[in-house]
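Before any comments, here is the structure.
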Protein chains: 2
Amino acid sequence: MQETQKSPPLIERISVQKSYDLLADQLRDTILAGDIDVGDRLPSERELVEQTGLSRGSVREALRILEVEGLIRSRPGRYGGITVTQPDNSSMARMVGQFVRSRRMPLRVIQEARETIEPALARYAAMHRTDEELAAIIELNEALADPALDRRAFAEMNIRWHNAVAEASRNDLLTALLYAMNHGVVAATSEEVYDSAEIRAAVHAAHARVIEAIAARDGDAARRRMERHVRATRAHTTDLEDSELEIGEPDE
Amino acid sequence: MQETQKSPPLIERISVQKSYDLLADQLRDTILAGDIDVGDRLPSERELVEQTGLSRGSVREALRILEVEGLIRSRPGRYGGITVTQPDNSSMARMVGQFVRSRRMPLRVIQEARETIEPALARYAAMHRTDEELAAIIELNEALADPALDRRAFAEMNIRWHNAVAEASRNDLLTALLYAMNHGVVAATSEEVYDSAEIRAAVHAAHARVIEAIAARDGDAARRRMERHVRATRAHTTDLEDSELEIGEPDE
DNA sequence: GCCTGTCAATGGTATAACATTTAAAATGAC
DNA sequence: GTCATTTTAAATGTTATACCATTGACAGGC
């Protein structure tokens with residue numbers, strides 16, 4: 001049992017880089033370095049074949065990787081080709097959604113994440129908002145109070161209000177994460193069994209209190225009030241579950 | 001200017017699904033539905049060719065998609081093949097990192113996200129921790145106080161402490177997001193120009209205060225103290241920058 | 001002016017062959 | 001018998017070639 005020291009670290013682990021990985025890395029670096037602007041075209045597949053000496057199959061596999069990562073988009077046809085894009089919120093949402101699904105995370109986890117992120121967004125919105133953004137937030141909350149809205153329209157308007165607050169936070173990362181919580185993960189809330197005049201009034205009033213704090217640039221108050229609001233919402237959604245959670249495709 | 005009503009919505013937009021996308025969707029659904037356990041093997045490429053009627057190239061492109069998504073892994077060789085995997089923290093970190101890089105987000109955004117997530121993790125750790133987890137957290141903080149540690153070792157031990165707190169939170173999603181902030185995004189903090197006995201003592205003491213709250217299962221106190229701690233750290237790192245931020249590969 | 005078809009470049013797909021990698025299994029030295 | 005070595009089979013990795021499908025500009029007919 002002596003001298004059983006697993007592996008003498010004489011030479012390092014050699015990892016054989018696959019050719020399509022190498023090309024993907026190279027292209028990714030080029031794009032992320034900013035050498036190519038968003039919207040610009042990359043060389044065509046056949047040109048890349050020439051330039052790299054690889055086969056078209058390998059080139060295409062590399063391109064597929066970058067496409068999943070949200071960095072490029074391929075379109076057929078003359079004047080089509082490969083264009084550079086920016087990963088958007090929905091690509092982030094897809095990733096988070098799969099992460100959650102594949103690990104069978106309980107709904108509690110997503111709810112906690114939402115309760116973490118949303119108040120922070122309100123706080124930063126209070127700190128960074130412009131007058132225009134404040135006006136937009138107020139207007140959306142007023143639209144929310146329209147009793148003519150059906151349940152679906154009310155839910156959508158509600159989401160738009162929350163998104164507007166997120167926008168005003170000037171933090172695109174947290175905004176994207178919130179988006180991921182809402183879209184990539186649960187469709188449950190949109191079903192929202194509860195819908196009554198009382199609840200709508202309560203939501204509108206809660207929003208109004210948050211708005212007040214945002215208007216006053218009082219970050220701490222905005223956070224506190226948003227936190228209370230989001231937690232209140234949970235009371236409705238977490239009655240049933242504790243179960244695994246169902247996923248809805250982003251309706252997009 | 002009459003009759004310019006853009007498009008009579010007579011028939012819907014037709015989108016041609018590419019074959020590799022279809023196959024990727026199908027396989028993804030199968031995996032996420034749990035029909036195949038993690039570690040199990042998928043049919044080999046050639047078997048998939050047979051079963052689907054597609055070419056091997058298309059099958060491989062589909063597999064490449066799932067590989068980027070972290071759902072499978074391909075290995076060559078007999079008894080190799082395609083095995084089902086779970087997306088891990090680092091795959092999430094990669095995605096977040098690219099999101100941040102490609103949008104040229106300022107360092108402020110990441111710092112804000114960290115300051116949002118970390119206190120929440122402390123709070124949930126206080127609520128959900130077991131005694132074993134608490135003991136581990138305490139032990140790591142004591143190890144941190146060893147003056148024999150060089151700068152690098154200290155930094156690593158520090159990260160391990162924060163990770164231990166995250167683990168105890170029982171929220172794998174927020175934990176993964178914190179991991180993404182630390183690894184996928186900035187290598188800057190690891191450089192940490194500041195390192196003195198005073199700072200180390202301050203860090204140790206701040207950790208101790210958080211631990212106290214976690215031990216007492218006082219979620220609000222844990223959050224508050226962790227928030228103060230993380231903000232204090234920022235004071236050091238945000239002196240220089242305001243610039244775009246540099247990215248470091250996760251050192252694995 | 002507005003249809004309508006032609007055209008050329010591009011991505012999408014199929015096929016066939018060869019190269020490389022991997023670990024089990026067979027072989028051989030002692 | 002046991003250990004080291006070689007063989008081998010099955011899987012992914014890679015290349016080459018050909019053809020199909022899609023798209024948007026452009027020119028010509030009415």
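Keep in mind that this is a model prediction, so the values were computed, not measured. Proteins get letters first, then strands, A, B, ... in listed order; numbering begins at 1 in each.
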Residues touching DNA chain D, which here means a heavy atom under 4.0 Å, drawn from residues 35-43 of chain A
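Nucleic-acid contacts, sorted: none.
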
Once you apply a heavy-atom cut-off of 4.0 Å, does [X] come out as touching a base, just sugar-phosphate, or nothing?
X	answer
B:Gly81	sugar-phosphate
B:Arg64	sugar-phosphate
A:Arg75	sugar-phosphate

Has A:Arg101 got a side-chain atom pairing as donor or acceptor with B:Ala33's backbone, closer than 3.5 angstrom?
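No; judged by distance alone, with no hydrogens or angles, the pair does not exist.
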
May I ask you to decide if A:Gln98's main-chain N or O and A:Ser102's side chain share a donor-acceptor pair within less than 3.5 Å?
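Here the side-chain-to-backbone pair exists.
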
Side chain to side chain donor-acceptor pair (under 3.5 Å) partners for B:Thr130, two or more places apart:
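Side chain to side chain donor-acceptor pair (under 3.5 Å) check on B:Thr130 returns B:Glu132, B:Glu133.
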
State which residues pass side chain to side chain donor-acceptor pair (under 3.5 Å) with B:Asp35; sequence neighbours excluded, sorted by chain then number.
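B:Asp35: no side chain to side chain donor-acceptor pair (under 3.5 Å) contacts found.
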
Select from B:Glu47 and A:Glu61 the residue whose nearest nucleotide in DNA chain D is closer to the 5' end of that strand.
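Mapping each residue to its closest nucleotide by heavy atoms, the 5'-most match is B:Glu47.
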
In degrees rounded to 10°, what angle is found between the helical axes fit to the five outermost pairs at each end of the helix from C:dG1-D:dC30 to C:dC30-D:dG1?
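Overall, the helix from C:dG1-D:dC30 to C:dC30-D:dG1 bends by 10° from one end axis to the other.
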
Please check if atom CD in B:Gln26 has more than 12 non-hydrogen atoms from other residues, nucleotides or ligands closer than 6.0 Å.
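Check fails, neighbour count at 12 or below.
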
If you count the non-hydrogen atoms of other residues, nucleotides and ligands that lie under 6.0 Å from CD in B:Glu142, is the total more than 12?
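Above 12, so yes.
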
If I take atom [atom1] in residue [X] and atom [atom2] in nucleotide [N], what distance separates them, rounded to the nearest angstrom?
X	N	atom1	atom2	result
A:Ile82	C:dT10	CD1	P	10 Å
B:Leu63	D:dA11	CG	P	14 Å
B:Glu50	C:dA14	CD	P	15 Å

Under 4.0 Å between a side-chain nitrogen and a carboxylate oxygen: does that hold for [X] and [Y]?
X	Y	value
A:Glu112	A:Arg108	yes
A:Glu50	A:Arg46	no
A:Arg73	A:Glu67	no
A:Asp172	A:Arg170	no

With B for base contact, S for sugar-phosphate-only contact and - for none (protein heavy atoms under 4.0 Å), nucleotides 16-23 of chain D reads --BB--BB

Would you mind reporting whether B:Leu63 and B:Leu27 have side-chain heavy atoms less than 4.5 Å apart?
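Of all side-chain heavy-atom pairs linking B:Leu63 with B:Leu27, at least one is under 4.5 Å.
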
Please give me every residue in residues 18-28 of chain B whose heavy atoms get under 4.0 Å of an atom in DNA chain C, ordered by residue number.
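B:Lys18, B:Ser19, B:Tyr20, in order of number.
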
Using side-chain hydrogen bond (donor to acceptor under 3.5 Å, both in side chains), reason through A:Asn171 and A:Ser169 one step at a time and then give a plain yes or no.
CA-CA 5 Å; A:Asn171 190 310; A:Ser169 76; 5.7 Å; no

Rounded to the nearest 0.5 Å, how far does CZ of B:Arg114 lie from NE2 of B:His162?
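Going from the NE2 atom of B:His162 to the CZ atom of B:Arg114 covers 9.0 Å.
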
Reckon A:Ser74 has a side-chain N or O less than 4.0 Å from the OP1 or OP2 of C:dT10?
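No, outside the criterion.
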
